[in-house]
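Here the structure is laid out as structure tokens; the discussion comes afterwards.
So you know, we letter chains A, B, ... as the sequences are listed, proteins then strands, and number each from 1. Atoms considered below: every heavy atom in the structure, side chains included; atoms not considered: hydrogens, waters and symmetry mates.
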Protein chains: 2
Amino acid sequence: MIEQEIITEEQKLAARYAKAMGHPIRMYILELLTKQACCYSGDLSEILPIAKSTLSQHLKELKDAGLIQGEIEAPKIKYCINRENWEKARQLFKRHFKI
Amino acid sequence: MIEQEIITEEQKLAARYAKAMGHPIRMYILELLTKQACCYSGDLSEILPIAKSTLSQHLKELKDAGLIQGEIEAPKIKYCINRENWEKARQLFKRHFKI
DNA sequence: ACTTTTGTTCGTAATTTAACGAACAAAAAT
DNA sequence: ATTTTTGTTCGTTAAATTACGAACAAAAGT
């Protein structure tokens with residue numbers, strides 16, 4: 001055998017998504033985006049009690065994990081859920097929680 | 001109003017659970033425990049490619065998040081899912097992912 | 001009483017995360 | 001051609017995470 005892997009790729013991916021969701025601010029953003037399709041980071045910046053640079057970091061993490069995507073609508077950026085990966089995450093957690 | 005909270009307690013709790021799940025090792029442990037009821041940490045120690053002290057830390061995190069519980073069966077410790085909190089997490093993620 | 005088994009705690013180190021303000025970049029508006 | 005708006009990047013700091021081996025503790029077995 002080439003490599004004896006104990007932890008599956010699916011578990012790694014599920015952990016990756018979970019980690020991205022593992023902060024109240026990011027959980028808030030994700031829930032907002034599943035409720036209302038899209039939002040501008042400026043809107044979030046007004047609502048959330050954090051510096052805009054911090055918000056930018058959180059958005060980047062969600063983007064890097066693949067859970068959201070940003071579309072330029074100059075000079076703003078419109079953020080939406082990344083449907084494809086969101087569906088993947090949904091399936092993984094569905095199995096994880098046996099829903 | 002006393003305090004203008006933007007982020008709900010449910011979002012905080014969901015983020016707490018997500019954070020606990022946000023590591024491949026912990027995801028593996030949780031999935032194992034949902035598949036086979038219980039396990040001893042010694043069993044995990046044999047399977048997983050990490051030091052037993054590191055495993056102990058991961059188990060403590062899952063315990064602190066409330067997702068698992070340990071029962072002493074001297075000299076071993078038997079770990080199980082914490083059914084009550086697991087159900088709470090399941091409900092939170094069910095809503096989060098609209099499952 | 002001693003040894004073994006089992007798992008935690010301690011001490012340490014490297015890395016990552018979270019947070020801020022300041023500086024910067026890009027494009028729209030004036 | 002400036003100014004404004006918008007959001008990222010940079011530099012920094014503090015705290016948390018991940019990891020290890022060594023030391024320790026508790027209880028069972030000999």
Roughly how many Å is it from [atom1] in [X] to [atom2] in [N], rounded to a whole number?
{"X": "B:I29", "N": "D:dT18", "atom1": "CD1", "atom2": "P", "result": "12 Å"}
{"X": "A:E73", "N": "C:dA28", "atom1": "CD", "atom2": "C1'", "result": "14 Å"}
{"X": "B:E46", "N": "C:dG7", "atom1": "CD", "atom2": "C1'", "result": "14 Å"}
{"X": "B:L55", "N": "C:dG7", "atom1": "CG", "atom2": "C1'", "result": "9 Å"}
{"X": "A:L62", "N": "C:dT17", "atom1": "CG", "atom2": "P", "result": "13 Å"}
{"X": "B:Y28", "N": "D:dT18", "atom1": "OH", "atom2": "C1'", "result": "19 Å"}
{"X": "B:K60", "N": "C:dT9", "atom1": "NZ", "atom2": "P", "result": "6 Å"}
{"X": "A:E71", "N": "C:dA27", "atom1": "CD", "atom2": "C1'", "result": "16 Å"}

Let's see if you can work this out: which of [options] has an atom nearest to the side-chain heavy atoms of [X]?
{"X": "A:K19", "options": "C:dC20, D:dA19, C:dT16", "value": "C:dT16"}
{"X": "A:S53", "options": "C:dA22, C:dT16, D:dT6", "value": "C:dA22"}
{"X": "A:K52", "options": "D:dG7, C:dT9, C:dT8", "value": "D:dG7"}
{"X": "B:Y79", "options": "C:dC20, C:dT8, D:dG7", "value": "C:dT8"}

[X] side-chain N/O to [N] phosphate OP1/OP2 under 4.0 Å:
{"X": "B:S56", "N": "C:dT8", "value": "yes"}
{"X": "A:H23", "N": "C:dA19", "value": "yes"}
{"X": "B:K76", "N": "D:dA28", "value": "no"}
{"X": "A:H58", "N": "C:dT17", "value": "no"}

message: Need to verify one output field. Residue with the more 5' nearest nucleotide on DNA chain C, A:Q57 or B:I77?
response: B:I77

5′-ward residue of the pair A:P49/B:Y40 relative to DNA chain C: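 Going by which nucleotide is closer to the 5' end, it is B:Y40.
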
message: Could you walk me through whether B:M27 and A:T8 satisfy the side-chain contact (heavy atoms from CB on, under 4.5 Å) test, starting with their C-alpha distance in whole Å, then the side-chain angles of each, then the deciding distance to 0.1 Å, before giving a yes or no?
response: CA-CA 10 Å; B:M27 192 57 86; A:T8 66; over 6 Å; no

- request: Looking at every strand, decide which applies to B:I50 at a 4.0 Å heavy-atom threshold: base, sugar-phosphate, or nothing.
  value: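 Here B:I50 touches the backbone only, sparing every base.
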
message: Between the base of C:dG7 and the side chain of B:S41, is there a donor and acceptor pair under 3.5 angstrom?
response: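 Between C:dG7 and B:S41, which were checked side chain against base, a qualifying N/O pair under 3.5 Å is absent.
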
- prompt: Taking the side chain from A:S56 and the backbone from A:K52, do they hold a donor-acceptor pair closer than 3.5 Å?
  reply: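 Absent.
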
- request: Could you check if a side-chain atom of A:Y28 sits within less than 4.5 angstrom of a side-chain atom of A:I47, using non-hydrogen atoms only?
  value: yes

message: Checking B:K88 against B:E10 for the salt bridge (charged side-chain N to carboxylate O under 4.0 Å, His left out) test, could you report, in this order, the C-alpha distance in whole Å, the side-chain angles of both residues, the deciding distance, and whether it holds?
response: CA-CA 10 Å; B:K88 180 64 185 165; B:E10 295 220 327; 3.7 Å; yes

- request: Could you label the plane-to-plane angle of the A:H23 and A:H58 rings as parallel, tilted or perpendicular, counting under 30° as parallel and over 60° as perpendicular?
  value: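 A:H23 vs A:H58 ring planes: tilted.
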
